[in-house]
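Here is the naming used below: chain letters follow the sequence lines, and residue numbers restart at 1 for every chain. Owing to the predicted nature of the structure, the values given are computational and were not obtained by experimental measurement.
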Protein chains: 2
Amino acid sequence: MSSSKRVADSTVRRLSLYLSFLEELEQTGASTVSSDMLARLGGTTSAQVRKDLSIFGSFGKRGLGYDVEELTSKLRGILGLEQSWRVCVVGAGKLGLALAQYPGFAEKGFHVAAVYDAAPARIGTKWDSLTVRDARDLAGDASAEHFDIGVIAVPSEAAQSVADQLVAAGIHAIMNFAPVQIIVPPDVVTRTVNMALEFEALSFALANWSR
Amino acid sequence: MSSSKRVADSTVRRLSLYLSFLEELEQTGASTVSSDMLARLGGTTSAQVRKDLSIFGSFGKRGLGYDVEELTSKLRGILGLEQSWRVCVVGAGKLGLALAQYPGFAEKGFHVAAVYDAAPARIGTKWDSLTVRDARDLAGDASAEHFDIGVIAVPSEAAQSVADQLVAAGIHAIMNFAPVQIIVPPDVVTRTVNMALEFEALSFALANWSR
DNA sequence: GGATGTGAATGTCTTCACAGCT
DNA sequence: AGCTGTGAAGACATTCACATCC
């Protein structure tokens with residue numbers, strides 16, 4: 001329960017995966033699921049599944065497994081998906097657009113409340129119900145609109161400066177899509193999704209295929 | 001050299017990061033760099049940097065550090081970025097489009113050679129110099145065009161089936177952007193970029209902020 | 001019987017600290 | 001003196017294996 005132990009990143013990722021399987025299972029009408037089943041779907045071991053879940057409590061019944069509906073809801077709670085988060089996207093290029101419009105995003109409770117850009121040509125553009133705002137208004141808007149998550153979808157050169165603005169605006173969680181490392185104060189959480197990095201990892205694997 | 005030791009994923013990611021810093025440094029004209037400098041830029045420790053590099057050889061000079069140009073080229077070699085890889089993208093939606101057109105992609109040696117889609121409405125569409133092909137031609141084209149990397153940019157439901165087709169076409173490296181786990185034979189490398197997962201990790205951090 | 005929850009053992013990655021080269 | 005390269009120690013994550021409960 002909101003324990004003080006630091007939870008490993010890999011654990012959180014797996015919990016997310018388990019949740020997505022559980023949501024599929026719910027559709028099929030399955031009422032119960034074993035750690036072994038979840039492990040198979042997620043490419044881990046049953047022991048791993050049980051360890052992951054045991055960090056947060058005892059959700060299963062020995063001899064039976066886990067109740068699909070109950071575990072789903074527990075995981076949603078743990079991952080903070082019961083509530084809806086207010087997201088502001090900075091950078092109204094292709095990526096920003098894709099994010100703001102991606103439907104699976106809103107479904108999971110990530111509500112894109114605003115989009116900002118610095119380029120005059122983009123400011124004022126309408127996307128569905130959103131109008132691209134002037135990036136300079138970010139700090140002012142933030143206090144009233146209380147954004148939870150800031151998304152950086154600008155070119156590398158501008159990324160750190162945007163991060164600084166987001167932090168100054170009181171945002172404590174940043175998702176960074178620019179392929180650079182971002183520096184933030186310790187009370188701000190950052191994740192960087194760096195596609196170049198991912199492709200280079202594939203390249204490495206191919207180049208060293210000879211093992 | 002091309003040793004048989006398994007290299008940790010986290011190490012490969014950091015090598016990628018170091019490389020991108022080195023490329024920046026080259027611009028500034030710096031001729032030498034210390035592990036401590038690289039560590040600062042990449043958010044690790046100097047010991048970590050040295051360990052990472054030492055897996056592949058001794059590239060530095062004691063008392064001096066690393067030669068920027070030399071290390072850059074070594075890392076390119078290790079990551080397989082000296083050669084250019086032939087990429088085929090399956091799924092001509094927003095994401096596929098963004099990838100095919102992203103300039104930094106070609107710069108790094110990832111050459112998008114073909115784009116496929118199953119929807120008749122999209123087949124034949126032209127993007128720059130690329131024409132969207134019929135997904136059913138994938139297997140046939142592959143033998144002649146020798147794709148190195150396949151990119152899955154289709155909805156979840158279709159992802160596994162596309163993966164199977166890529167594998168059947170003789171492709172050994174797959175980058176998956178669908179938010180599902182993909183199953184492939186052991187001689188095929190996969191990486192999944194799952195944005196939902198990343199956002200849920202942020203959500204988790206926010207929800208457990210109370211530490 | 002069947003499957004969970006969990007200490008103990010194992011394995012993997014990171015950090016320390018220092019010898020050794022320039 | 002300065003900074004690398006690396007064995008040893010430490011921290012962390014995963015797997016084993018079994019007592020425990022349905």
Side-chain angles (χ1 to χ4, degrees), chain A residues 1 3-18 21-22 25 30-72 74-75 78 181 201 204 211, chain B residues 1 3-18 21-22 25 30-72 74-75 78 181 201 204 211:
Chain A
M1 245 310 99
S3 78
S4 49
K5 198 184 303 168
R6 209 189 133 277
V7 179
D9 203 71
S10 46
T11 301
V12 178
R13 295 180 66 91
R14 283 193 300 267
L15 292 176
S16 265
L17 263 184
Y18 303 156
F21 295 135
L22 285 165
L25 278 175
S31 72
T32 182
V33 65
S34 67
S35 58
D36 196 59
M37 182 77 175
L38 283 174
R40 211 113 29 109
L41 292 168
T44 17
T45 66
S46 60
Q48 182 73 79
V49 173
R50 295 198 297 276
K51 259 276 148 67
D52 288 341
L53 297 175
S54 74
I55 297 173
F56 301 94
S58 303
F59 307 131
K61 285 181 181 52
R62 297 175 194 226
L64 284 171
Y66 302 88
D67 182 85
V68 171
E69 209 176 332
E70 185 196 337
L71 188 55
T72 304
K74 291 285 188 195
L75 284 181
I78 291 165
Q181 200 76 357
F204 173 82
R211 42 181 49 237
Chain B
M1 254 307 103
S3 77
S4 49
K5 199 184 300 165
R6 209 189 135 278
V7 179
D9 203 72
S10 46
T11 301
V12 178
R13 295 179 66 92
R14 284 192 300 266
L15 292 177
S16 266
L17 261 184
Y18 304 155
F21 296 136
L22 285 165
L25 278 175
S31 72
T32 183
V33 66
S34 67
S35 59
D36 196 60
M37 181 78 177
L38 283 174
R40 211 114 26 111
L41 293 168
T44 17
T45 67
S46 61
Q48 181 73 78
V49 173
R50 296 198 299 275
K51 259 278 147 67
D52 287 342
L53 296 176
S54 74
I55 298 174
F56 301 95
S58 303
F59 307 131
K61 285 182 181 51
R62 296 175 195 229
L64 285 171
Y66 302 88
D67 181 84
V68 171
E69 209 176 332
E70 184 196 338
L71 188 55
T72 304
K74 291 284 189 197
L75 284 181
I78 291 165
Q181 198 79 354
F204 173 82
R211 47 179 49 239

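- Ser35(A) has a side-chain polar atom (N or O) that falls below the 4.0 Å cut-off from OP1 or OP2 of dT4(C).
- For Thr44(A) against Arg14(A), the heavy-atom pair with the smallest separation is CG2-CD, 3.9 Å.
- Atom pair Phe56(A):CZ and dT6(C):C1' shows a separation of 16 Å (rounding to whole Å applied).
- Between the side chain of Thr32(B) and the backbone N or O of Tyr66(B), at least one donor-acceptor pair lies under 3.5 Å.
- Atom CD1 in Ile55(B) sits roughly 14 Å away from atom P in dT12(C) (whole-Å rounding).
- How far OG1 of Thr11(A) is from CD of Gln48(A): 6.5 Å, rounded to the nearest 0.5 Å.
- Taking all atoms of both residues into account, the shortest heavy-atom contact from Ile78(A) to Phe204(B) is O-CD1, 3.3 Å.
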Task: Protein proximity profile, nucleotides 5-14 of chain D - base contact B, sugar-phosphate-only contact S, no contact -, cut-off 4.0 Å on heavy atoms - done: BBBB----SS
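- Contact record, Leu17(B) with Gly42(B): CD1-O, 4.3 Å, taken as the closest heavy-atom pair.
- When all heavy atoms are compared, the tightest approach of Ala39(B) to Ser46(B) is CB-N, 3.5 Å.
- If you measure from atom CG of Leu71(A) to atom C1' of dG5(C), you get 14 Å, rounded to the nearest angstrom.
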